[in-house]
Amino acid sequence: MKINEAKLKITELTEKLNQWNLEYYEDDNPSVDDVEYDLALKELKSLETQFPELISSESPTQKVGGFIASKFEKYEHSQPMLSLGNAFNKEDLIEFDQQILKVTNSDKHNYFAELKIDGLSISLIYKNKKLFKAVTRGDGLVGEDVTANVKMIKEIPHEIETDEEIVEVRGEIYLSKDEFAKINQKRLAANEPIFANPRNAAAGTLRQLDSRVVKERNLKAFLYFYMNRESDSIKTHEESLELIKRLGLPTNNEGKLCQSIEEVWNYIEKYTQIRNDLPYEIDGIVIKINNFELYEKIGYTSKTPKWAIAFKFPAEIKSTKLIDIFPTIGRTGRVTYNAQLEPVQIAGTTVRAATLHNADFIISRDIRIGSMVKIKKAGDIIPEVISSINDNEFEKLAIWKPATNCPDCESFLEKTPGEVDQYCINNNCPKKIIKSLEHFVSRDAMNIEGLSIKILEKLYGEKIINDVADIFKIEKFEKQIVELENFGEKSFKNLITAIQKSKNNSSERLLFGLGIRHVGKKTAKVLIKNYKSIVNLMKIDFQELSQIYDIGVVVAQSLVDWFLVEENKKLIEKIKNLGVNLDYKNEAESVSELFLNQIFVITGTLSKSRNHFRDLLENNGAKVTESISKNANYLLAGEDGGSKLAKAKNLGVKIISEKDLINMMEEK
Ligand SMILES: NC(=O)c1ccc[n+]([C@@H]2O[C@H](COP(=O)([O-])OP(=O)(O)OC[C@H]3O[C@@H](n4cnc5c(N)ncnc54)[C@H](O)[C@@H]3O)[C@@H](O)[C@H]2O)c1
Ligand SMILES: [Zn+2]
């Protein structure tokens with residue numbers, strides 16, 4: 001691979017991983033499973049090994065991937081809370097062992113193998129015997145102070161018996177499988193999104209402000225890291241676990257001292273077999289050097305200790321019978337096919353349904369109703385059918401055919417040549433409308449609490465809400481709604497307050513909420529940051545738009561098309577007249593208009609990542625485009641500017657260095 005190609009790939013992977021980190025750590029709501037995440041991270045790592053000059057200190061390979069929510073007080077860790085390196089097979093473990101051997105020059109090291117609990121890490125600090133602080137990992141250096149919530153966890157003592165003034169112990173907060181299933185059942189019944197795995201559920205529980213909910217949900221804890229090892233003259237991990245136990249803190253009893261990597265492997269094999277019988281979820285095995293003396297000698301990276309590694313279990317695959325295939329319609333009208341399955345146990349949960357994605361997926365794998373199929377489930381994300389099993393019965397079964405009509409409104413389903421998905425293109429399809437309304441009020445869009453899909457269905461049925469704009473008019477229907485839903489005046493008032501508040505959102509939320517094809521949360525933000533208002537976006541030119549970083553022709557075309565439709569223009573007008581903000585506001589970032597309407601292009605290697613400069617420019621009003629044209633005002637050029645540099649010279653575009661940029665900003 002050439003360096004330019006690698007650069008592109010690295011940018012692409014970095015952005016993908018950053019987005020997934022955000023969903024996982026900030027929202028406790030991942031959109032991909034861990035296997036997919038781990039693969040992307042592995043690919044990035046291997047590219048960075050080939051091209052070390054491309055490693056940025058901001059890379060997801062170099063940083064602990066957490067966030068600090070502003071609703072909590074920040075707390076700086078006494079020592080960083082790190083992540084763990086990963087091993088996916090025996091070879092990885094042997095390599096880990098070899099590395100350690102190289103550094104220690106002695107094969108007298110032994111390992112402590114223990115379960116990798118699928119929870120979130122916590123640091124407990126006791127001061128004068130009393131629980132003083134409980135802090136999440138956050139970004140590794142600074143965490144969130146969740147003391148009030150942790151005090152609700154029965155298993156964690158508020159006081160310990162010790163002579164030390166300060167004792168810090170770290171470990172994992174988790175939910176039992178039973179408790180996890182209960183929470184998700186409740187959420188399903190209340191039409192709330194379910195948690196993807198116990199870790200996200202535990203994190204979602206602990207990282208919220210209402211301590212009563214924490215109490216209700218029965219969180220538990222295992223502590224495994226004692227920070228005062230020197231003062232207590234503890235020499236090994238094994239001894240430290242004993243001590244933690246003596247302090248009255250919960251520890252896990254399944255750990256084992258292993259004399260060699262071979263023995264570690266046996267331990268892994270054993271727990272691969274019996275993990276489903278454990279009352280809590282584990283996602284791997286953690287292997288640690290037992291002797292503390294070796295810790296400093298072996299050392300750390302910025303992200304992980306080198307004296308420990310996490311073995312990750314592969315995704316689980318099981319077979320079962322495919323009872324039926326049925327299509328469902330999403331808000332864009334896209335058809336997703338789902339499998340109804342004979343119930344099967346995978347990774348400790350009962351699976352009855354799985355996704356089959358689209359018709360092409362089913363046809364290309366020749367998956368047939370009534371056949372035995374293989375199901376994959378990873379990280380407790382929606383299970384997926386991977387193939388049919390070609391047994392004796394298989395040939396007798398009918399070849400599957402895709403649906404021709406929408407299961408809800410019965411209109412003919414369409415497919416664009418070259419695309420895999422089928423769509424219901426009826427704009428009045430009730431399912432599409434209700435799903436669009438649900439999307440419009442969702443957390444990442446307008447964030448209006450109190451309008452569940454059930455309520456939306458009713459209000460749509462009663463013709464109170466016919467399109468997203470009508471949401472801003474429901475105040476008029478108070479009497480009808482309060483009766484309809486047994487809403488109670490108070491909930492109605494709360495709902496109206498939430499709706500009023502949403503009118504002041506920065507408009508990327510509205511843009512995302514409109515559900516325009518290919519305009520996701522991030523794209524909406526980029527667009528609004530660049531164009532400052534939905535009104536400006538309506539007037540844009542395809543050429544210019546497609547040049548904006550991260551936008552590209554597909555998004556640009558989709559937007560231009562959307563705004564060409566008379567009905568959509570009217571909808572925006574209607575929303576605007578109801579007092580909804582259409583402009584960009586972001587108080588969190590310092591925004592200036594220094595470069596308003598100036599077009600920048602970035603090339604070459606700069607002192608920080610391109611994203612950094614892009615944000616900087618965009619926050620100062622500039623537009624940043626991917627390739628150079630005569631419309632560009634500036635080319636910000638780092639080292640190795642390449643072809644863009646030559647082109648800029650040709651077109652007479654002003655070329656500036658990083659230093660020039662800083663000067664321009666300071667002169668202001
Ligand atoms: N699906 C997604 O979108 C997504 C996004 C981000 C991260 N992830 C997943 O999270 C992983 C990265 O998360 P991470 O940085 O927290 O690393 P990690 O979960 O792989 O390992 C580190 C963590 O393991 C925990 N742990 C559990 N038992 C332990 C024990 N006995 N000893 C020591 N630590 C123990 C600790 O909390 C520690 O912080 C990725 O590998 C990926 O699988 C997934
Ligand atoms: Zn339809």
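What you are looking at is a predicted structure, and each value in this text was computed from that prediction instead of being measured. Each ligand, and each atom within it, is numbered from 1 in the order the structure gives.
- Residue Ala310 does not touch ligand 1, judged by heavy-atom distances below 4.0 Å.
- Under 4.0 angstrom from ligand 1, the non-hydrogen atoms of Arg137 all belong to its side chain.
- Note: no N/O pair closer than 3.5 Å links Gly119 and ligand 1 by distance alone.
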Please lay out, stage by stage, how Glu269 and Gln273 fare under the test side-chain hydrogen bond (donor to acceptor under 3.5 Å, both in side chains). CA-CA 6 Å; Glu269 285 193 319; Gln273 291 300 320; over 6 Å; no
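- Salt bridge annotation for Glu438-Arg331: absent, with no cationic side-chain nitrogen under 4.0 angstrom from a carboxylate oxygen.
- Here Leu82 has backbone heavy atoms under 4.0 Å from ligand 1, and that is the only part of it that gets that close.
- Residue contacts with ligand 1 for Trp20 involve both N, CA, C or O and side-chain atoms from C-beta outward (heavy atoms, distance under 4.0 Å).
- Listed by atom number, the atoms of ligand 1 under 4.0 Å from Asn86 heavy atoms are 20 (O), 41 (O).
- Within ligand 1, counting atoms from 1 as listed, the ones closer than 4.0 Å to a heavy atom of Asn21 are 6 (C).
- Using a 4.0 angstrom heavy-atom cutoff, Lys288 counts as in contact with ligand 1.
- Applying the ring pair (Phe, Tyr, Trp, His ring centres under 6.0 Å) test to every pair with at least one member in residues 9-32, sequence neighbours left out, gives no pairs at all.
- Residue Gln99 qualifies as enclosed at atom CD: its count of foreign heavy atoms under 6.0 Å is above 12.
- Set against the non-hydrogen atoms of Ser83, the atoms of ligand 1 under 4.0 Å away are 14 (P), 15 (O), 17 (O).
- At a heavy-atom distance under 4.0 Å, only side-chain atoms of Tyr25, from C-beta outward, approach ligand 1.
- Ser176 and Asp178 share no side-chain donor-acceptor pair at under 3.5 Å.
- Inside a sphere of radius 2.8 Å centred on the Zn ion (ligand 2), the protein N/O/S atoms present are Cys406 SG, Cys409 SG, Cys424 SG, Cys429 SG.
- Contacts of Phe292 classified as ring-ring contact (aromatic ring centres under 6.0 Å, His included), with partners at least two apart in sequence or in another chain: Tyr295.
- Asn426 has its side chain out of reach of Cys406: every pair of non-hydrogen atoms, C-beta onward, lies at least 4.5 Å apart.
- Remark: Lys116 NZ is packed, more than 12 non-hydrogen atoms of other residues, nucleotides or ligands lying under 6.0 Å away.
- Ring centroids of Tyr174 and Phe222 are separated by less than 6.0 Å, placing the two rings close together.
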Audit row: Tyr224, Glu114, side-chain hydrogen bond (donor to acceptor under 3.5 Å, both in side chains) steps and yes/no: CA-CA 9 Å; Tyr224 47 68; Glu114 57 194 25; over 6 Å; no
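- Short contacts between ligand 1 and Asp38, defined as distances under 4.0 Å to a heavy atom of the residue, involve ligand atoms 40 (C), 41 (O), 42 (C), 43 (O).
- Residue Leu115 touches ligand 1 through its backbone alone, judged by heavy-atom distances below 4.0 Å.
- Side-chain contact between Glu281 and Asp283 is absent, with no heavy-atom pair separated by less than 4.5 Å.
- Every residue two or more places apart in sequence or in another chain that forms a side chain to side chain contact (heavy atoms under 4.5 Å, CB included) with Thr328 is listed here: Phe326, Thr336, Asn338.
- Residue contacts with ligand 1, taken as heavy atom pairs separated by less than 4.0 Å, involve Lys116 via backbone and side-chain atoms alike.
- In Lys312, the part holding a heavy atom less than 4.0 Å from any atom of ligand 1 is the side chain.
- For Lys71, the NZ atom is densely surrounded, since the number of other residues' heavy atoms within 6.0 Å is greater than 12.
- In summary, Lys45 and Glu48 do not engage in a salt bridge, as defined by a charged side-chain N under 4.0 Å from a carboxylate O.
- Near Glu172, the atoms of ligand 1 lying under 4.0 angstrom from a non-hydrogen atom of the residue are 25 (C), 26 (N), 27 (C), 36 (C), 37 (O).
- Ring-plane geometry between Tyr271 and Tyr267 is classed as tilted, the angle between the planes lying from 30 to 60 degrees on a 0 to 90 degree scale.
- Of the heavy atoms in Arg199, only side-chain atoms (C-beta onward) come closer than 4.0 Å to ligand 1.
- Near Glu114, with a cut-off below 4.0 Å to any heavy atom, the atoms of ligand 1 are 30 (C), 31 (N), 32 (N).
- The proximity of Val286 to ligand 1, defined as any non-hydrogen pair under 4.0 Å, is limited to the side chain.
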